[in-house]
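Beneath this line is the structure, given in structure tokens, with notes to follow.
Just so it is clear: chains get the letters A, B, ... in the order the sequence lines come, proteins before strands, and each one is counted from 1.
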There are 2 protein chains.
Amino acid sequence: MNSEFPAAVHLLVYLAHSTSGSANSEELAENVGTHPARVRKMMRCLREQGWVGTREGIGGGYFLRAEPAAIRLADIYRASCCGGLRPKKPTGSPGSTCPVSSGISGAMDHYFGEAESRYLDYLDGVTVQDVLHRIVDPRPLP
Amino acid sequence: MNSEFPAAVHLLVYLAHSTSGSANSEELAENVGTHPARVRKMMRCLREQGWVGTREGIGGGYFLRAEPAAIRLADIYRASCCGGLRPKKPTGSPGSTCPVSSGISGAMDHYFGEAESRYLDYLDGVTVQDVLHRIVDPRPLP
DNA sequence: TGAACTGTATAATTTATAATTACAGTTAGA
DNA sequence: TCTAACTGTAATTATAAATTATACAGTTCA
């Protein structure tokens with residue numbers, strides 16, 4: 001898995017924690033530990049989901065549009081890196097006469113899909129607010 | 001995720017399906033679609049788990065040592081690429097004065113760990129035999 | 001002894017990921 | 001209306017990870 005998903009969560013948690021409620025790409029990039037251009041690119045995705053708003057121009061930046069308790073990690077995952085839990089390169093070859101070589105990738109797709117959906121079932125129960133609370137007020141949480 | 005895990009499953013399923021019960025690294029590599037040296041390397045791991053045996057020298061190769069129905073995909077996953085479901089590079093920085101930046105990676109580790117364990121719970125219910133049956137006799141199966 | 005294998009290390013190549021650069025478009029305020 | 005401070009986006013470069021390839025010592029059997 002690449003780090004799009006955790007970085008997206010980080011951005012949303014940061015905005016949820018921010019007292020001013022907004023931040024520009026430079027501030028966010030420094031907090032996450034990445035480059036402002038990458039933040040802006042990721043923000044496109046979060047904006048399309050309706051989770052953040054953008055203000056361009058001087059004094060501009062990003063701000064939350066949704067309630068932290070309404071943003072589920074499973075949805076962030078789906079928006080940022082869906083399918084990332086399975087390997088890109090399948091084994092075997094579809095045209096082989098050997099049933100194992102030709103059929104294994106379809107079978108594995110099935111198992112990866114099922115397993116990934118259990119992974120997402122769990123993340124469906126965790127919100128941006130939960131993550132924030134785990135950080136600023138470490139008590140047992142989802 | 002890299003393709004160690006699906007390749008390992010492929011190797012075991014192939015041996016389980018093979019009528020002779022054994023195959024050398026060249027035959028396995030061709031079936032999986034990779035290099036014989038990589039097969040030999042992966043076999044080390046499968047041998048250490050007691051799932052396959054090796055015969056060196058002329059006429060040698062690999063053969064199953066365990067029942068296909070007793071080899072669980074979750075165990076293959078653990079042996080071949082445990083932890084591969086989380087990104088390698090954490091976001092934020094531990095020393096930061098910002099609680100989000102310093103705390104997010106610990107929080108995400110927790111959620112990734114929980115989610116991965118759901119993923120494995122599912123794979124725990126699938127065996128090499130199940131995979132083989134799904135390929136050679138496609139009926140509803142785990 | 002020699003041919004057919006495995007075991008293992010290391011180098012080379014390819015691919016994926018992230019960082020960087022660049023610049024057009026937007027906005028607020030002097 | 002001009003300018004500085006931003007975002008949006010694409011293209012390029014750099015870095016890291018995964019995979020393939022090469023090499024050769026050790027094993028086994030005929």
(request) Go through the structure and list residues passing salt bridge (Lys or Arg N to Asp or Glu O under 4.0 Å) with Asp75(B), not counting sequence neighbours. (result) Arg78(B)

What residues, two or more places apart in sequence or in another chain, satisfy side-chain hydrogen bond (donor to acceptor under 3.5 Å, both in side chains) together with [X]?
X	value
Thr54(A)	Arg47(A)
Glu114(A)	Arg118(A)
Glu27(A)	Tyr14(A)

(request) Taking only heavy atoms on the protein side, list every residue of residues 8-18 of chain A lying under 4.0 Å from any atom of DNA chain C, sorted numerically. (result) none

(request) Check DNA chain C against residues 44-54 of chain B and give the residues with a non-hydrogen atom under 4.0 Å, in numerical order. (result) Arg44(B), Arg47(B), Thr54(B)

(request) Under 4.0 Å from any heavy atom of chain B: name the first and the last nucleotide of DNA chain D that qualifies, 5' to 3'. (result) dA18(D) to dC29(D)

(request) List for me each residue that meets side chain to side chain contact (heavy atoms under 4.5 Å, CB included) alongside Ser93(A), sequence neighbours excluded, and say none if there are none. (result) Ser96(A), Ser101(A)

I'd like a table of donor-acceptor pairs (distance under 3.5 Å, sequence neighbours excluded) in which one partner is a side-chain atom from residues 32-44 of chain B, with atom names and distances.
from	atom 1	to	atom 2	distance (Å)
His35(B)	ND1	Ala37(B)	N	3.2
Arg38(B)	NH2	Ser3(B)	OG	3.1
Arg40(B)	NH1	Ser25(B)	OG	3.2

Rounding to an integer number of Å, can you tell me how far [X] [atom1] sits from [N] [atom2]?
X	N	atom1	atom2	result
Asn24(B)	dA3(C)	CG	C1'	14 Å
Arg40(A)	dT21(C)	CZ	P	13 Å
His35(B)	dG7(C)	NE2	C1'	15 Å

(message) For Phe5(A), give me all partners under ring pair (Phe, Tyr, Trp, His ring centres under 6.0 Å), at least two apart in sequence or on another chain.
(response) Tyr77(A), Phe112(B)

N/O contacts under 3.5 Å, protein versus nucleotides 12-17 of chain C?
none

(message) Measuring only between side-chain heavy atoms, which start at C-beta, is Leu73(B) closer than 4.5 Å to Thr127(B)?
(response) no

Got a list of protein N/O to nucleotides 26-30 of chain C N/O distances below 3.5 Å?
from	atom 1	to	atom 2	distance (Å)
dT26(C)	O4'	Glu56(A)	OE1	3.0
dT26(C)	O2	Gly57(A)	N	3.4
dT27(C)	O2	Ile58(A)	N	3.2

